[in-house]
Each structure stands twice: as C-alpha cells, then as structure tokens.
Novice: 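Submitted below is the structure of interest, expressed as structure tokens.
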Protein chains: 2
Amino acid sequence: MLSLGIDIGGTAVKAGVVDDEYRIVKKMSMKTPFGDSEKLFGGIAKMAAKLADGEPIGTIGVTVPGSVSSDGGILDAWNIGLRNIPVKRIIEASVKADRVVVKNDADAAGDAELAIGSLKGVNTGLLITLGTGVGGCLILNGAVFHGGLNRGTELGHAMIDRGGIKCGCGHHGCIETLCSATALKRLAEIAVDEGRGMIAQKAAAGEKADAKLLIDCAKAGDKFASRLFEEYVDSLADAIASFVNVFDPEVIALGGGVSEAGDFLLDPLRRKVPGKCFFGSCGSIVKAAAGNDAGVIGSVI
Amino acid sequence: MLSLGIDIGGTAVKAGVVDDEYRIVKKMSMKTPFGDSEKLFGGIAKMAAKLADGEPIGTIGVTVPGSVSSDGGILDAWNIGLRNIPVKRIIEASVKADRVVVKNDADAAGDAELAIGSLKGVNTGLLITLGTGVGGCLILNGAVFHGGLNRGTELGHAMIDRGGIKCGCGHHGCIETLCSATALKRLAEIAVDEGRGMIAQKAAAGEKADAKLLIDCAKAGDKFASRLFEEYVDSLADAIASFVNVFDPEVIALGGGVSEAGDFLLDPLRRKVPGKCFFGSCGSIVKAAAGNDAGVIGSVI
C-alpha cells in the first residue's frame with residue numbers, strides 16, 4: 001500500500017510517494033493557487049492519482065501552512081488565503097485511501113525530524129523554522145506537542161520585544177518580527193536605503209535585497225552586511241535562550257530557509273546562546289536535517 | 001508514619017506535619033539565616049524532631065528557593081545565600097526518615113496545586129508565582145515538568161522586553177522585571193518620587209511604598225495608582241499571552257503575593273489576555289489555591 005505525502009506551501013504544493021524508510025521515491029509539484037480551495041484540492045487529487053498510478057493508497061497525508069482543527073480542517077491559513085476548509089473531508093471525497101491525515105506544517109516538520117532527522121531519539125526538543133515567518137514545534141515526551149487545547153503551538157508568536165515591530169498576527173514584538181527571513185530582508189533593505197556596502201551594490205546591479213543576499217554578503221566578509229547579520233543572530237540567540245529558560249530542551253534544531261546558512265549561522269549561535277541562558281548552558285544547537293522534504297515526509301507519519 | 005514538609009523561604013522556614021489529605025495539622029517556623037547552611041539545617045533538624053515528637057517519619061520534604069540538582073542538592077539559591085549544598089545528604093544525616101525529597105519551590109507549589117488546588121485534574125497547565133521574583137512551573141501530561149535537562153524551568157526568565165530593565169539574573173527584559181512584586185514596588189516608587197496621588201501621600205505618612213500599597217491605592221480608586229496598576233496588568237497580560245501562544249494551557253493559575261489581589265487582578269487579565277493571544281482566546285485564568293501553605297504541602301508529594 002502506498003503512502004502519499006502532500007505539502008501545501010505558500011508558493012508550491014509538493015507531493016510524493018514516501019516509502020517505509022521515509023524516503024521520497026517519486027515526486028511532483030504544482031503552483032499553490034491563492035484563496036482557491038477548489039483549484040487547490042482538485043490539483044492535489046490529480047497529483048495523487050498520477051503518483052499512485054492505480055496502486056491502492058494506504059495513507060495520504062496533507063500538510064497545511066496554518067492552524068488545523070481537531071477534525072482535520074484548515075482553521076486559518078492566511079498565506080494561502082484559506083479559512084475554515086474541511087480538508088480531511090475534501091480529500092476523503094476525492095482520493096481513495098485507507099487513512100487521511102491533515103497536519104500543520106510545523107508539526108509535520110517535527111514528525112519528520114523525529115523520524116529521520118536531528119530530533120531522532122530526543123525526548124525534549126525544540127524545532128524552530130526560520131522562513132517567511134517563524135514556526136516550529138516542541139517535542140515533549142518524544143512526540144510533537146500540539147498545545148494544551150490541541151490547536152497547535154505558535155512559537156514564532158512568543159513575545160520577545162514588547163512594543164517592538166508589528167507582526168503579521170497583529171501584535172507587536174513577536175519572535176517572528178526579529179528572527180524570520182522577512183526580518184533579514186528588512187535589514188537588507190536598510191543597507192539598500194542607506195546605500196551601504198555590498199548589499200547596496202548588488203541590489204543596484206539588480207539582485208533582490210533579501211535574506212539570501214544579506215547572508216551571502218556577510219559570508220563574503222562585507223562589513224555592513226556582517227553587522228546586520230550579527231544583529232539578526234543576536235535576536236535569534238535571545239529568542240532561543242528564552243525558550244531554553246522555559247523548556248531546557250536537549251536539542252534545538254533550526255530549519256527553514258535561513259538555516260541553509262549552516263554553520264555560518266549555527267557557530268555564532270553556539271557561542272552566544274549559552275551566555276544568555278539562566279543556567280549559563282543549553283542543549284545542542286543543530287541544523288534540522290529533513291530539509292525541504294520534511295513537509296512531504298512528515299505528513300504521512 | 002508522619003509526613004513532614006519544610007519550606008525554606010527567603011525570610012522564613014515553615015515546617016508542618018501534612019496529613020494524608022494534604023492538610024497541615026501541626027506547624028512551626030523559624031527565621032531563615034542568610035548564607036549559613038549549618039544554622040539553617042540545624043534549625044530544620046530541631047523543628048523536625050519537635051514536630052515528630054517521637055513518632056517515626058515516613059517522608060520529609062524540603063522545598064528550596066533555588067535550583068535543585070538531580071541528587072537533591074541546592075545548585076544555587078542566591079536569595080538565601082547558598083550554593084552547592086547537598087541538602088538531601090544533610091537531611092538524611094540529621095533526620096531519621098524513610099524518604100527525603102528535595103524540590104524547587106515552584107515545583108512544590110505546582111505539586112500542591114495539582115493535588116489540592118487550582119490545577120487538580122489539569123493535563124496542560126501553567127502556574128505563575130508573582131512574588132519578589134516571578135517563578136512558576138509548567139504542568140505537562142498532568143505532572144510538573146522539570147525541563148528537558150532536569151534542571152527545572154525558569155518561567156520568570158523568559159524574555160519579553162528585549163533590551164529592557166536589567167534582571168536579577170543579569171540579563172535584560174525577563175518577565176520577572178515587569179511582572180514581579182518588585183516591579184510593582186518600582187512603579188510605586190515612581191509615584192513617590194513624583195509626589196503623585198495617594199501612594200505619595202501614604203508613603204509620606206510612613207507607609208512602605210511597595211506592591212501592596214500600590215494595589216491598595218488602586219483599589220481605593222486613586223487615579224495615578226490605577227494607571228500604574230494598569231501598566232503592570234498590561235505587562236503581565238503580555239507575558240501570559242506569550243506563554244499561551246507556546247503552550248495553550250487549559251488553566252493559567254496565578255500564585256504568590258501579588259495574586260492576593262484576587263479578582264482585582266484576575267478580572268482585567270481575563271479581559272485583556274485573550275485579545276493578545278494568537279488564537280484570540282485562552283484557557284481559564286484563576287488564582288492558585290494552595291496559598292502560603294503550598295511549599296510545605298507540595299514538598300511531601
């Protein structure tokens with residue numbers, strides 16, 4: 001019986017056949033339509049049929065970038081323009097499978113990290129995904145914690161900077177405002193606005209002033225970019241230390257686009273975070289390992 | 001067999017005989033000596049002997065205001081001037097009992113709330129103690145969570161106000177800096193310094209400018225005191241909402257001296273917190289029920 005994983009992201013919907021060892025053995029994708037549930041789930045049904053190619057489907061898992069109700073619906077996924085969509089029911093009606101699982105993207109990533117990634121065997125862990133926003137999940141008792149009221153957790157919306165920058169959620173000073181790829185982009189735009197250093201030069205030559213450009217310029221040794229990156233790392237170190245004081249996880253795994261910076265990001269964090277923690281030390285800080293496939297793999301677990 | 005609970009606080013050591021229904025049936029206390037481990041544990045042994053009065057002791061529990069090592073020692077309890085004290089070993093050598101338990105004060109309070117208080121039957125809960133500092137504990141799976149590395153949790157040192165007021169722990173902007181009784185005292189001192197309202201009048205008449213005076217004056221309807229209290233409540237509401245976004249507890253219980261304000265504190269929190277949460281709602285906000293006896297009762301659980 002096949003396991004099909006579907007990862008609905010902000011820009012693309014990835015789909016894949018996942019084998020028993022959590023490897024993706026066949027995959028395809030489509031562009032995510034915005035605010036169009038029919039087109040979205042119509043496309044998913046077509047991809048599922050193509051991937052299954054006549055074979056019976058055991059599990060089909062769907063990962064959504066938003067909050068999920070206990071009966072497998074989307075409560076709110078503002079970045080794909082959908083609210084109150086009964087995903088599980090729609091999939092059950094359009095794809096023949098023994099089992100339909102719908103989960104939040106951060107939870108799926110957590111399940112993937114637990115199964116094959118950086119959180120394998122971990123009892124208390126923290127996964128922070130640094131993308132357009134900041135998401136992630138807590139691992140408690142060796143499993144993804146879904147919150148006391150079963151609505152998931154919103155790590156990126158812990159407050160760290162009271163009265164600070166306004167967040168997409170409507171509040172101010174959430175971790176997301178300082179630690180997301182969007183926060184890095186905002187810093188890159190400062191360099192452009194002020195015409196400073198390599199970021200401004202490259203932007204003038206047509207490159208996009210975003211997180212990647214800032215990190216590339218900092219890696220290349222540009223002074224202003226390095227200063228901006230250090231500012232970002234310091235915010236992120238504060239956020240991680242704050243979580244450490246509350247959970248004290250064995251492992252802190254960083255995922256999402258920004259984590260692709262690898263040791264260039266992890267090394268300064270490893271230097272900075274312990275000194276910011278109440279106990280003067282913390283668990284290990286590592287890169288999430290399941291990478292871009294985490295959503296597809298984690299959806300079927 | 002007797003159960004003896006000992007609660008070492010910053011100013012007093014309370015001791016009591018706790019019955020099977022977690023009631024204190026006999027009690028006594030002594031002043032806490034500062035930085036004098038011999039005097040402290042000598043006094044505790046004497047109280048234990050007096051309370052037991054010849055009866056055999058089953059459990060003796062000791063609650064300490066600081067971090068506890070896995071072998072029952074004090075790691076650091078700066079407010080009683082003690083570090084690296086093998087409490088369990090000292091008690092075992094000085095009091096004859098079947099079982100010696102040493103625990104952090106916040107954990108003891110959590111155990112008491114779970115057993116007889118506001119967190120009875122709760123699976124995911126949060127206890128925040130608003131005293132000289134801010135402590136508390138997380139209830140996960142119906143039990144006190146000791147942190148992933150078993151060093152306890154330090155809820156009061158989650159960061160909420162990056163770059164804000166310096167905390168006793170050496171860092172800046174911890175929840176403790178804005179939500180403790182000490183934070184209220186700092187606000188009361190502003191009223192005194194600026195000579196404003198009832199707080200300044202009462203302080204001039206010899207009353208102590210502290211959390212209690214500020215709350216009393218706000219309760220009495222004094223305008224400036226009310227404004228200061230509202231500022232405090234707003235900070236505390238931010239802190240609670242931030243925890244809600246991460247845990248989403250069923251119940252949020254407030255303990256410690258400030259919680260004695262009762263509904264005068266709880267009602268505005270119940271109005272404010274939901275709107276500050278990602279999901280627009282939260283679990284119930286209640287007063288911790290075990291009160292001043294929580295440390296003695298919780299120590300033997």
Side-chain angles (χ1 to χ4, degrees), chain A residues 67 75-76 122-126 136-141 145-164 167 169-176 178 234-235 238-252 275-283, chain B residues 67 75-76 122-126 136-141 145-164 167 169-176 178 234-235 238-252 275-283:
Chain A
S67 47
L75 287 169
D76 191 359
V122 165
N123 198 50
T124 306
L126 181 63
C137 64
L138 302 174
I139 308 301
L140 298 173
N141 291 311
F145 175 66
H146 296 285
L149 299 176
N150 214 21
R151 309 186 279 192
T153 57
E154 292 291 341
L155 299 191
H157 301 282
M159 184 184 284
I160 189 183
D161 189 28
R162 201 162 180 259
C167 183
C169 75
H171 301 291
H172 290 257
C174 297
I175 284 176
E176 179 160 308
L178 295 179
D234 200 65
S235 301
D238 277 338
I240 294 172
S242 187
F243 283 127
V244 167
N245 290 348
V246 176
F247 293 105
D248 212 12
E250 298 153 60
V251 178
I252 299 135
K276 288 174 180 281
C277 296
F278 186 85
F279 290 114
S281 65
C282 65
Chain B
S67 47
L75 286 170
D76 192 358
V122 165
N123 198 51
T124 306
L126 181 62
C137 63
L138 303 173
I139 308 300
L140 298 173
N141 291 310
F145 175 66
H146 296 283
L149 298 176
N150 213 24
R151 308 187 279 192
T153 57
E154 292 291 341
L155 300 190
H157 301 282
M159 184 183 284
I160 189 184
D161 189 29
R162 201 163 180 259
C167 183
C169 74
H171 301 291
H172 290 256
C174 297
I175 284 175
E176 179 160 308
L178 296 178
D234 200 65
S235 301
D238 277 339
I240 294 173
S242 186
F243 283 127
V244 167
N245 291 347
V246 176
F247 292 104
D248 213 11
E250 297 153 58
V251 177
I252 298 134
K276 289 175 180 281
C277 296
F278 186 85
F279 291 115
S281 65
C282 66

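Atom set for the values below is all heavy atoms of this structure, side chains included, hydrogens, waters and symmetry mates excluded. This one's a predicted model, so the numbers in the text were calculated from it and none came from an experiment. Protein chains get the first letters and strands the later ones, always in sequence-line order, with residue 1 at the start of each.
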Novice: Which atoms of Asp76(B) come close to chain A, meaning under 4.5 Å heavy atom to heavy atom: side chain ones, backbone ones, both, or neither?
Specialist: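 Looking at Asp76(B), nothing touches chain A.
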Novice: Give, for atom NE2 of His171(A) and atom CG of Asn245(B), the distance between the pair rounded to the nearest 0.5 Å.
Specialist: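 Output value for this atom pair is 7.0 Å.
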Novice: With a 4.5 angstrom heavy-atom cut-off, which part of Cys174(A) approaches chain B: side chain, backbone, both or neither?
Specialist: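 No part of it gets close to chain B.
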Novice: What part of Leu178(B) lies closer than 4.5 angstrom to a heavy atom of chain A: side chain, backbone, both or neither?
Specialist: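 The answer is the side chain of Leu178(B).
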Novice: Would you name the heavy atoms of Ser67(B) and Phe279(A) that are closest together and state the gap between them?
Specialist: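 So the minimum-distance heavy-atom pair works out to CB-CE2, 3.9 Å.
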Novice: Of the backbone (N, CA, C, O) and the side chain (C-beta and beyond), which part of Ser235(B) lies under 4.5 Å from a heavy atom of chain A, both, or neither?
Specialist: both
Novice: Please classify the contact of Phe247(B) with chain A as side chain, backbone, both or neither, using a heavy-atom distance under 4.5 Å.
Specialist: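 Interface part for Phe247(B): both.
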Novice: Which atoms of Cys167(B) come close to chain A, meaning under 4.5 Å heavy atom to heavy atom: side chain ones, backbone ones, both, or neither?
Specialist: neither
Novice: Any chance you could lay out the side-chain contact (heavy atoms from CB on, under 4.5 Å) test for Phe278(B) and Arg151(A), step after step, and finish with the verdict?
Specialist: CA-CA 11 Å; Phe278(B) 186 85; Arg151(A) 309 186 279 192; over 6 Å; no
Novice: Looking only at non-hydrogen atoms, find the nearest pair between Leu149(A) and Cys282(B) and report the distance.
Specialist: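 Nearest pair, atom of Leu149(A) first, then Cys282(B): CD1-C, 4.5 Å.
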Novice: Chain A heavy atoms under 4.5 Å from His157(B): which part of the residue, side chain, backbone, both or neither?
Specialist: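 For His157(B), backbone and side chain are both near chain A.
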Novice: Chain A heavy atoms under 4.5 Å from Asp161(B): which part of the residue, side chain, backbone, both or neither?
Specialist: both
Novice: Output all residues satisfying side chain to side chain donor-acceptor pair (under 3.5 Å) with Asp234(A), sequence neighbours left out; order by chain, then residue number.
Specialist: Lys272(A), Lys276(A), Arg162(B)
Novice: Based on non-hydrogen pairs under 4.5 Å, which of Asn123(A), Leu140(A), Val244(A) is most in contact with chain B?
Specialist: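 Greatest number of close heavy-atom pairs with chain B: Leu140(A).
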Novice: For Ile139(B), which atoms come within 4.5 Å of any heavy atom of chain A: side chain, backbone, both, or neither?
Specialist: neither
Novice: Using a 4.5 angstrom heavy-atom cutoff, name the option from Thr153(B), Leu126(B), Asp238(B), Ile175(B) with the most pairs to chain A.
Specialist: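 Option with the greatest count: Asp238(B).
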Novice: Kindly write out the residues that satisfy side chain to side chain contact (heavy atoms under 4.5 Å, CB included) with Val251(B), not counting sequence neighbours, or none if the list is empty.
Specialist: Leu119(B), Val122(B), Ser284(B), Val286(B)
Novice: What heavy-atom pair brings Val246(A) and Leu155(B) nearest, and what distance separates the two atoms?
Specialist: CG1-CD2, 3.8 Å
